[in-house]
Amino acid sequence: MRLPAFLADQRRLRRVLYPSSATLATLTRLHALLIVSSSNHLLASLAAAYARSGALDAAESTLATSPASPSSIAAWNALLAAHSRGGSHSTALRVFRALPPAARPDSTTFTLALSACARLGDLAAAESIKDRAFEAGYSKDVFVCSALLHLYSRCGAMGDAVRVFDGMPRRDRVAWSTMVAGFVSAGRPVEALGMFRRMREDGLEGDEVVMVGVVQACAATGDAQMGASVHGYILRHGMRMDVVVTTSLVDMYAKNGKFDVARQVFRMMPYRNAVSWSALISGFVQNGHADEALDLFRELSTSGLQPDSGAHVSALLACADMGLLKLGKSIHGFILRRLELNCILGTSILDMYSKCGSLKSAQKLFDRVSSRDLVLWNAMIACCGTHGRGHDALALFQELNKTGINPDHATFASLLSALSHSGLVEEGKFWFDRMGKEFGIEPAEKHYVCIIDLLARSGLVEEANDLLASMQTEPTIAVWVALLSGCLNNKKLELGENIAEKILEFQPEDVGVLALVSNLYAAAKKWDKVREARKLMKDSSSKKVPGYSLVEVRGMRHMFVMEDQSHPQLQEILKIVAKLDSEMRKMGYVPRTEFVYHDLEEGVKEQLLSYHSERLAIAFGLLNTSPGTRLVIIKNLRVCGNCHDAIKYISKIVDREIVVRDAKRFHHFKDGACSCGDYW
DNA sequence: GTAGGGTTAG
């Protein structure tokens, strides 16, 4: 059949098929005519027009039902591009795989397909596409190579990215910026900065996109000065200060602790969105300013902008930090009403419950999330571990293995730490052995710390020592400390003395570490060494972080510092402390004054112990909550052995559950016993 | 017609 006259008029037709002028109805009418006329070339153009106007199914079926023509690959490309614009990367890949053999993919096709793989993080799928692209002669194509760079960067294969990059005959700004961003996300910010330098030596200056990566690199190195000079570079080059560039600057300044500058840049933004707020909020949380972070979060909530998931994550982190269970709960409720519960939010909520001492709520949340990713599993395993549930952690780990998700280094760190806290030696040895052999994860420093701690504490000091000697990398102080405390507990004093020497070579300033060394020398009756260690403790204690305890009462946070006299209820608190003290003594409590590292009279030492911040916080909690209420105390340092004893007695006297989170883990005290079984 | 950018969880 002959084409209708207007269809033969190519100029007119092109106007119709051009995206802005064609309505879907026009395209559909045309479609009918073209089918009858069986003009494959025009059908392809029509399909492209369909794709551009969002009618992707129509585009695909048009292409699939008409024979391939020289122009059909452009139409297929338009369809692929439309899918990736819409974020449907797996559909894009499906379309790519379903290409009819006659439609020969070109540079654009491969670029789009590889880009889809990159977004999906699907290295395996990309590999065969790359082979086909290279066979078709596109191995030096700037676009194909850039897509490959992006792919490898996103999948953490920077070695491959570098190989492709080095093989490129010509590198444009996109290629450089992909490398900069790649090194940043691989956690190699110094190399990212090196890339930027090389780029400039190559004669190219940065644009807005490149600079975002460079600013991120400055944020990651913590080099505030470099960050400021990069900021200057951006201003000097007259770049557009769009919301992304400015947000990255806010983030960089906040991460580097330059809160005033971060605030200033933030306040001067002509337009900010939820991400800009989140950047500032998370900067505060990460630097230990949870209070300010929550203030900002409240300000965001009343600013008219809807806080997004990122802002909620930071707010939850702040709650977790300070043990604000009530606020955390209400944020959880808000998320359920207003946002979709994704894995990141779920993990943040779980972690908040865990850190606020509410193991049950954490478990409940974990059970409610239907599609769990590895991070969520890891968080739950870690939660069991810190709450002293080694067996539960192991059971979860085994359940995880049945899902087909592969555990990673963090999974094993949490698992081994859980097993170590619960003293599960056989299980610990078993899984430490398997992690490399069966799961291909080479044990790192943190894994060694757990397993050596576990072995040494369980009396297998020689075995722990052998394992330490077999380490591929130079052991850090943490490994030695784990071994030393095992030596002390199991009276392996000769070995312990050698290790104590080793530890002193690190010139530790941590009072806990020095106390351990001193106690070991005392056990070995090396009194001059004891004096030496005590002197180091005295010198370093001036630099020591002061210990404090937090307790939440009716949604309000209260902070106690040792010997703090400023609290309005101080007299009542001290009365309770004294009353408990005398009752405890009747039950057999003996203050362990060896935990006071000052030369004082015994009586003074005893009194000092009873004024430890956790004791004050507990007394305050008892004073202001009704019987039966659970008390959750958050301590920034580790609970001392004496307080641990004392709280066991207190939990029996007052018939309350008392939960203490210290710098390492949780202790659930009830009926005169602790969940850690005094094994910590 | 195609490639690169900000916050956030263990």
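Bear in mind that the values here come from a model prediction, so they are computed numbers and not experimental data. Numbered from 1 within each chain, the chains take letters A, B, ... in sequence-line order.
Residue A:Arg154 has no polar side-chain atom (N or O) positioned under 4.0 Å from OP1 or OP2 of B:dG5. Between A:Lys255 and B:dG6 there is no side-chain N or O to OP1 or OP2 distance below 4.0 Å. The side chain of A:His150 contributes an N or O atom lying less than 4.0 Å from OP1 or OP2 of B:dG5. Taking 4.0 angstrom as the limit, A:Ser348 places none of its side-chain polar atoms (N or O) nearer than this to OP1 or OP2 of B:dT8. Look at A:Gln216 and you won't find any side-chain N or O under 4.0 angstrom from OP1 or OP2 of B:dG5. Taking side-chain N and O atoms only, A:Arg85 has a distance below 4.0 Å to OP1 or OP2 of B:dT2.
Distance CG (A:Leu149) to P (B:dG4): 11 Å, rounded to an integer number of Å. Atom CZ in A:Phe284 sits about 17 Å away from atom P in B:dT7, given to the nearest Å. What separates CG of A:Leu317 from P of B:dT7 is a distance of 15 Å, to the nearest Å. Separating the CG atom of A:Leu350 from the C1' atom of B:dT8 is a distance of 16 Å, rounded to the nearest angstrom. Distance, A:Phe143 CZ to B:dA3 P: 8 Å, rounded to whole Å. Atom-to-atom, CG of A:Leu305 to C1' of B:dT7 comes out at 14 Å; the value is rounded to the nearest Å. Distance CH2 (A:Trp176) to P (B:dG4): 18 Å, rounded to an integer number of Å. Atom P of nucleotide B:dA3 and atom NZ of A:Lys140 are separated by 22 Å, given to the nearest angstrom.
Residue A:Ser276 is classed as a base contact, given a heavy-atom separation below 4.0 Å to a base. No contact: A:Cys383 has no heavy atom under 4.0 Å from any strand. Within the 4.0 angstrom heavy-atom criterion, base atoms lie near A:Val210. Residue A:Thr178 is classed as a sugar-phosphate contact, given heavy-atom separations below 4.0 Å to backbone atoms only. At the heavy-atom level, A:Asn342 lies nowhere under 4.0 Å from the strands shown. Base engagement by A:Ser107 is indicated by at least one non-hydrogen atom pair under 4.0 Å involving a base atom. As judged by a 4.0 angstrom heavy-atom cut-off over every strand, A:Ala147 is placed among residues making no nucleic acid contact. Using a 4.0 Å heavy-atom criterion, one finds that A:Glu208 contacts the bases of the nucleic acid, with or without backbone contacts as well.
With a 6.0 Å cutoff to the six-membered ring centre and a 45° limit on the axis angle, A:Lys130 counts as a cation-pi contact of A:Phe134. A:Arg372 forms a cation-pi arrangement with A:Phe366, by the criterion of a distance under 6.0 Å to the ring centre and an angle within 45° of the ring axis.
Under a 3.5 Å cut-off, the side chain of A:Lys140 and the backbone N or O of A:Gly167 do form a donor-acceptor pair.
Ring centroids of A:Phe432 and A:Phe412 are separated by 6.0 Å or more, keeping the two rings apart.
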*Does the side chain to side chain contact (heavy atoms under 4.5 Å, CB included) test come out yes or no for A:Phe397 and A:Trp377, once each step is laid out?*
CA-CA 8 Å; A:Phe397 174 75; A:Trp377 279 97; over 6 Å; no
*asked:* Applying salt bridge (charged side-chain N to carboxylate O under 4.0 Å, His left out) to A:Asp160 and A:Arg163, what does each step give before you reach the verdict?
replied: CA-CA 5 Å; A:Asp160 292 308; A:Arg163 245 205 353 267; 3.1 Å; yes
*Take A:Asp242 and A:Arg240 through the test salt bridge (charged side-chain N to carboxylate O under 4.0 Å, His left out) and record every step on the way to the result.*
CA-CA 6 Å; A:Asp242 64 23; A:Arg240 215 164 19 86; 3.4 Å; yes
*Evaluate the criterion side chain to side chain donor-acceptor pair (under 3.5 Å) for residue pair A:Gln264 and A:Tyr253; output intermediate values, then yes/no.*
CA-CA 10 Å; A:Gln264 201 185 342; A:Tyr253 282 120; over 6 Å; no
*Just do the side chain to side chain donor-acceptor pair (under 3.5 Å) check on A:Ser248 and A:Asp251 with the steps written out, would you?*
CA-CA 5 Å; A:Ser248 73; A:Asp251 177 58; over 6 Å; no
*Is there a salt bridge (charged side-chain N to carboxylate O under 4.0 Å, His left out) between A:Arg272 and A:Glu299 once you walk through the steps?*
CA-CA 13 Å; A:Arg272 31 182 119 79; A:Glu299 198 186 331; over 6 Å; no
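Here the nucleotide nearest the side chain of A:Val209, chosen from B:dA3, B:dT7, B:dG5, is B:dG5. Side-chain proximity of A:Thr111 to the nucleotides B:dG6, B:dA3, B:dA9 is greatest for B:dA3. Ranking B:dG1, B:dA9, B:dT2 by closeness to the A:Gln286 side chain, first place goes to B:dA9. Checked against B:dG5, B:dA9, B:dT7, the side chain of A:Thr347 finds its nearest nucleotide in B:dA9. The A:Asp373 side chain lies nearest to B:dA9 when the options are B:dT7, B:dT2, B:dA9.
Relative ring orientation between A:Phe297 and A:His312 is described as perpendicular, the plane-to-plane angle rising above 60° on a 0-90° scale split at 30° and 60°.
Remark: the A:Asp207 side chain and the B:dG5 base include no donor-acceptor N/O pair separated by less than 3.5 Å.
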Extract all donor-acceptor atom pairs below 3.5 Å that involve side chains of residues 191-199 of chain A and protein atoms in other chains or at least two apart in sequence.
{"from": "A:Glu191", "atom 1": "OE1", "to": "A:Arg188", "atom 2": "NE", "distance (Å)": "3.1"}
{"from": "A:Glu191", "atom 1": "OE2", "to": "A:Arg188", "atom 2": "NE", "distance (Å)": "3.2"}
{"from": "A:Glu191", "atom 1": "OE2", "to": "A:Arg188", "atom 2": "NH2", "distance (Å)": "2.7"}
{"from": "A:Arg197", "atom 1": "NH1", "to": "A:Glu201", "atom 2": "OE2", "distance (Å)": "3.3"}

Please tabulate, for side-chain N and O atoms in residues 80-92 of chain A, each donor-acceptor pair with protein atoms closer than 3.5 Å (sequence neighbours left out).
{"from": "A:Ser84", "atom 1": "OG", "to": "A:Leu80", "atom 2": "O", "distance (Å)": "3.2"}
{"from": "A:Ser84", "atom 1": "OG", "to": "A:Ala81", "atom 2": "O", "distance (Å)": "3.2"}

Which atom pairs, donor and acceptor, lie under 3.5 Å between side-chain atoms of residues 441-450 of chain A and protein residues at least two apart or in another chain?
{"from": "A:Glu445", "atom 1": "OE1", "to": "A:Thr476", "atom 2": "OG1", "distance (Å)": "3.4"}
{"from": "A:Glu445", "atom 1": "OE2", "to": "A:Thr476", "atom 2": "OG1", "distance (Å)": "2.1"}
{"from": "A:Lys446", "atom 1": "NZ", "to": "A:His409", "atom 2": "ND1", "distance (Å)": "2.8"}
{"from": "A:His447", "atom 1": "ND1", "to": "A:Ala444", "atom 2": "N", "distance (Å)": "2.9"}
{"from": "A:His447", "atom 1": "NE2", "to": "A:His409", "atom 2": "O", "distance (Å)": "2.8"}

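Within residues 240-254 of chain A, the residues approaching DNA chain B are A:Asp242, A:Val243, A:Val244, A:Val245, A:Thr247, A:Asp251, by heavy-atom distance under 4.0 Å. For DNA chain B, the neighbouring residues in residues 155-173 of chain A, judged by any heavy atom under 4.0 Å, are A:Asp172, A:Arg173. Looking at residues 364-372 of chain A, you'll see that no heavy atom sits under 4.0 Å from any atom of DNA chain B.
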